[in-house]
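Everything on this sheet refers to the single structure shown next.
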Amino acid sequence: MKLAAWNVNSLKVRLPQLLEWLAAQQADVVCLQETKLEDHNFPQQEIEAAGYQVVFSGQKTYNGVALLARETPVDVVYGNPHFPDPQKRLLAATVNGMRVVCAYIPNGQSVGSEKYAYKLAWLTALEAWVGEQLAASPQLALAGDFNIAPDDRDVHNPAAWAGQILCSEPEREAFQRLLGLGLKDSFRLFEQPEKSFSWWDYRMLGFQKNQGLRIDHILLSAPLAERCVAAGIERDMRKRERPSDHAPVTALIAV
DNA sequence: ATGGTAGCCGCGCTA
């Protein structure tokens, strides 16, 4: 069972790439972020024609999440019941007995800003709700764009990024609290190459210089982590013409 | 040196 998460940065622009990638990768469950589409514009037919069922929650211009699955997603929840939020950033569904939470965690803009406070509050509410979901569904995956580099290993230039947005201690502590619920960072269950990143700024030749951060994650509850046999980042997607600034991240789970 | 690039019903904002 292959699980993937990808911030597409506009599904309208990236749909052809998504369809090619689905055909090539044969992922079973895919969590998308930054679809930037209102629901009535969502390309449901194209995705169903590719062999996936899909649930989505989007808005114009910003945010937007979707969950694609080979099997029917059931018990769908849109948004965090503990955190009313006009921004469409969260979606959960059960696929084949596995609870999948697709999250687009706020970026936070800069440490100390209003958006930063929103990010930390959003994370606190996420922790509370995922804790409940986990109690009800022991087989749980939390996947998406976390906008947090958990560790200095996940940063191309830790000195320059120290204390900055995506790397600050409060953000990293929030990430650790999610792990504290009993989740594992699937990527770190395995030996990985140095300088493995999932996002590179479009500016300043960020990708060409591998000046990136690892901010996209798939966290797995213990029963899933025990069956996780591989995890990786599909870096080649960032080499394509007109790429998203994020590469997909994947986890392979034995069934 | 506070830049730069991409996406969007934008005429700046978010990332």
Side-chain angles (χ1 to χ4, degrees), chain A residues 5-21 31-43 46 56-66 79 83 85-91 102-123 126 143-150 154-168 170-172 174-175 197-217 233-249:
Chain A
W6 188 21
N7 179 322
V8 291
N9 187 21
S10 169
L11 185 53
K12 184 181 172 185
V13 172
R14 233 63 68 189
L15 180 62
Q17 280 185 37
L18 174 69
L19 296 175
E20 273 183 49
W21 178 71
C31 297
L32 301 180
Q33 300 83 42
E34 283 206 89
T35 54
K36 299 186 175 179
L37 285 172
E38 287 181 294
D39 291 345
H40 64 89
N41 290 324
F42 194 90
E46 290 89 333
F56 44 88
S57 172
Q59 66 188 89
K60 193 162 52 174
T61 310
Y62 304 117
N63 310 311
V65 286
F83 193 84
D85 187 0
Q87 303 190 27
K88 307 298 189 189
R89 298 179 172 277
L90 190 67
L91 180 61
C102 171
Y104 175 46
I105 290 170
N107 171 285
Q109 198 165 59
S110 61
V111 173
S113 67
E114 227 170 87
K115 291 189 174 69
Y116 183 73
Y118 164 70
K119 178 180 196 171
L120 296 181
W122 203 96
L123 281 161
L126 178 68
D145 178 359
F146 284 64
N147 273 312
I148 301 172
D154 304 312
V155 181
H156 74 276
N157 184 347
W161 281 86
Q164 301 298 307
I165 195 65
L166 315 181
C167 300
S168 74
E171 293 167 84
R172 286 179 168 177
F175 187 86
F197 307 126
S198 67
W199 167 82
W200 301 260
D201 201 304
Y202 283 123
R203 298 165 291 188
M204 307 296 284
L205 301 173
F207 181 68
Q208 290 86 335
K209 299 184 199 163
N210 198 30
Q211 295 181 345
L213 302 178
R214 191 176 69 91
I215 57 176
D216 301 272
H217 309 295
I233 301 173
E234 302 197 347
R235 194 177 185 282
D236 283 355
M237 289 301 288
R238 189 64 172 76
K239 297 178 183 169
R240 298 179 68 125
E241 237 178 273
R242 219 176 171 194
S244 167
D245 46 349
H246 295 252
V249 297

(request) Could you please spell out the steps behind the side-chain contact (heavy atoms from CB on, under 4.5 Å) verdict for A:Val13 and A:Arg242? (result) CA-CA 9 Å; A:Val13 172; A:Arg242 219 176 171 194; 3.8 Å; yes
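Rounding to whole angstrom units, NE2 of residue A:His246 and P of B:dT14 are separated by 16 Å. Note: CG (A:Leu166) to P (B:dA15) measures 10 Å, nearest angstrom. In this structure, A:Lys88 atom NZ and B:dT14 atom P are separated by 18 Å, rounded to whole Å. Whole-Å rounding puts the A:Asn7 CG to B:dA15 P distance at 11 Å. Going from atom CD of A:Gln164 over to atom C1' of B:dT2 covers 12 Å, rounded to whole Å.
Taking A:Phe56 as the reference, A:Phe42 meet the ring-ring contact (aromatic ring centres under 6.0 Å, His included) condition, with sequence neighbours excluded. Looking at residues two or more places apart in sequence or on another chain, you find a side chain to side chain contact (heavy atoms under 4.5 Å, CB included) between A:Pro43 and A:Leu11, A:Leu15, A:Leu37, A:Glu46, A:Ile47.
Between A:Phe146 and A:Glu171 the shortest side-chain heavy-atom distance does not fall below 4.5 Å.
Classification of the A:Tyr118-A:Phe83 ring pair by plane angle, with boundaries at 30° and 60°, yields tilted.
The closest side-chain donor-acceptor pair between A:Trp122 and A:Gln87, if any, does not fall under 3.5 angstrom. Defined by atom type and a distance below 3.5 Å, a donor-acceptor pair is missing between the side-chain atoms of A:Asn7 and A:Trp199.
At a threshold of 4.0 angstrom between heavy atoms, the contacts of A:Arg89 are confined to the sugar-phosphate backbone, with no base atom among them. Residue contacts for A:Tyr104: at a heavy-atom cut-off of 4.0 Å it reaches the sugar-phosphate backbone alone, with no base atom in range.
With P as the reference atom, B:dA15 and B:dC9 are 16 Å apart, rounded to whole Å. Comparing the P positions of B:dA1 and B:dC11 gives a spacing of 33 Å, expressed to the nearest Å. For the C1' atoms, the distance linking B:dT5 with B:dG10 amounts to 16 Å, nearest Å. B:dT14 and B:dG4 have their C1' atoms separated by 15 Å, with the value rounded to a whole Å.
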(request) Any chance you could list the contact pattern along nucleotides 4-12 of chain B? Use B for base contacts, S for sugar-phosphate-only contacts and - for none, protein heavy atoms under 4.0 Å, 5' to 3'. (result) BBSSSS---
